[in-house]
Amino acid sequence: MTDTQGGLRGWAAGRRGSLSRLRFTSLRLRLVVVFGLVALTAAVSASGIAYWLNREAVLTRAQDAVLRDFQQEMQNRAGALPAHPTQDELQRAAGQMAGSSQRFSVLLVGQDANGKTVYGNSGALNGFSLEDVPRSLRTAVNKRQEVSDGNKSAYHLYWQRIVDHGTPYLVAGTKVIGGGPTGYMAKSLEPEAKDLNSLAWSLGIATGLALIGSALLAQAAATTVLKPVHRLGVAARRLGEGKLDTRLRVSGTDELADLSRTFNNAAEALEKRVADMAARDDASRRFVADMSHELRTPLTAITAVTEVLEEELEFESGGIDPMIEPAVRLVVSETRRLNDLVENLMEVTRFDAGTARLVLDDVDLADQITACIDARAWLDAVELDAERGIHAQLDPRRLDVILANLIGNALKHGGSPVRVSVRIDGDDLVIAVRDHGPGIPEDVLPHVFDRFYKASASRPRSEGSGLGLSIAMENAHIHGGEITAANSPEGGAVFTLRLPRDAARLTEEGAADAGDTGGARGTEGEGA
């Protein structure tokens, strides 16, 4: 049963592949259609011209033979009759004329001695009659022409093709010069029509075969032309997926080979450029990391000194000269800011290098948020709406960093009270931090999580480094979560943190997916 299902899936996949290759917007189908239209136009034109030439040749040959024989019979048979023949004489002459090699029907019309019109035809009573002759032909036959140097005869031979009950006929008539009967002839052209129909069928079949042959040739040509294009498309997709070592096999000297060489040159240049950028990026990260590490040693000593100075400032007796007290306070504040900046830079470097790892533990959300607020003396400015007993597998230190950044940002740029609420949404935890400030400008919202971004360009120097929210976002991402910023309809800004309750399971699944993806990429690379 499994083999059958697999076969059906394979067949369906093959059908989908064929249909996708022949979709109406595909170059392959357009090539086949153009080839087919060109072949059809050429075949129809050639067949039409051949049919028309053969038709004229066949009909002219048959017509000339019949008219020549009829004219000869009129001279020999009808010309030998008296000026006023009897009906029997006309009947006998018509029968003799019809017995010629062309086997046509004959009708003779004359006047007897009494002036009465008499008829004689080759088919007795049911034979060829005057009503079978078109009126225009009869008028032309009986019209007397003036004799001149250019016209030696008063009467001429006229003919016309007609169709009677689906059968084509050649009808002709003439009058005996010098007095005598008028003769009409009817000859069936059905044999010639059958021959022409056979020719038309043959030309139609030839046209169909030419169309089929052109479609097959077009398919072969399209395959030959589009195969390199298809390989180029696959290579471009692989290049877009990050496989910068993708190259095309170049063969030939045509335009497609030039295109393949151009693609290889572009891919090689891109690979070199990306490698250079990656090297510079690594060097930049190493520089930031090394600089941060080098700064920690003197900062440790400076921090110790500033702590002593801060203790001196707290004495009421005034251990520090009032003249230098503002400078001391500035040094203490800036030392703390520099220390936070170095710590943030080291954290950013770990994220960029991919070395940041989770240390998971079972966390009670209400206790964790309370501890974060209490450690920073924000209890009077923050309202907590969280039920106890909501547990999750998270990294407590990184969660504390996220909460401290979001709540601290709300207190600094928003307005008190700041409200922190916790709720469960399926398998996720949702923590919302809302302030009562003026909100975030719409042009700032897309950039609040950018590194070193500050809403006021005119005040680049502030207490913050511009890294807090970006570090919070990175810590949310490493948990498999997300942070969004928006303005509340009731006023103020709202930062919403969404985290999975079991970050360990998502981390394991992400590692498994990365392993599967790496294996698939390795297989695809070998196939290339």
Side-chain angles (χ1 to χ4, degrees), residues 2-46 206-279 281 509-528:
T2 304
D3 293 341
T4 302
Q5 292 176 348
L8 290 175
R9 284 195 296 269
W11 177 83
R15 291 287 294 174
R16 286 195 297 271
S18 300
L19 291 176
S20 66
R21 287 193 296 271
L22 289 177
R23 63 186 184 276
F24 288 106
T25 57
S26 70
L27 185 58
R28 180 186 300 271
L29 182 58
R30 281 184 279 174
L31 280 174
V32 172
V33 170
V34 169
F35 268 73
L37 289 176
V38 171
L40 182 62
T41 302
V44 169
S45 300
T207 300
L209 293 176
L211 183 60
I212 294 173
S214 67
L216 295 177
L217 290 176
Q219 177 70 12
T223 301
T224 303
V225 173
L226 295 180
K227 192 173 182 180
V229 177
H230 175 70
R231 286 200 299 264
L232 180 62
V234 173
R237 282 194 295 271
R238 288 171 58 82
L239 197 65
E241 291 170 359
K243 303 179 181 66
L244 301 181
D245 59 342
T246 302
R247 298 293 184 273
L248 288 172
R249 177 169 50 86
V250 180
S251 60
T253 57
D254 56 6
E255 290 80 359
L256 292 174
D258 292 339
L259 181 60
S260 298
R261 276 189 287 271
T262 302
F263 175 85
N264 289 341
N265 294 335
E268 184 177 356
L270 179 62
E271 184 180 19
K272 185 177 182 302
R273 180 69 60 84
V274 171
D276 293 342
M277 292 177 63
D281 193 29
E509 291 179 354
D513 292 341
D516 293 343
T517 304
R521 287 179 178 175
T523 303
E524 189 175 355
E526 294 170 3

Legend entry - Exercise: identify the closest heavy-atom pair between Ala257 and Val250: O-CG1, 3.9 Å
Legend entry - Closest contact, heavy atoms only, Phe263 versus Ala236: CZ-N, 3.9 Å
Inset, instruction - Look only at the side chain of Asn264 and the backbone of Arg247, and say whether a donor-acceptor pair between them is shorter than 3.5 Å. - result: no
Inset, instruction - Could I get the full list of side chain to side chain contact (heavy atoms under 4.5 Å, CB included) partners for Leu270, not counting sequence neighbours? - result: Leu239, Leu244, Val274
Legend entry - Of all pairs that satisfy salt bridge (charged side-chain N to carboxylate O under 4.0 Å, His left out), the ones with a partner from residues 257-266, not counting sequence neighbours: Asp258-Arg261
Legend entry - Spatial distance of atom CD (Glu268) from atom CG (Asp245) [nearest 0.5 Å]: 12.0 Å
For residues 209-217, dump all side-chain donor-acceptor pairs below 3.5 Å to protein atoms at least two apart in sequence or in another chain.
unit_1: Ser214; atom_1: OG; unit_2: Ala210; atom_2: O; d: 3.3
unit_1: Ser214; atom_1: OG; unit_2: Leu211; atom_2: O; d: 2.6

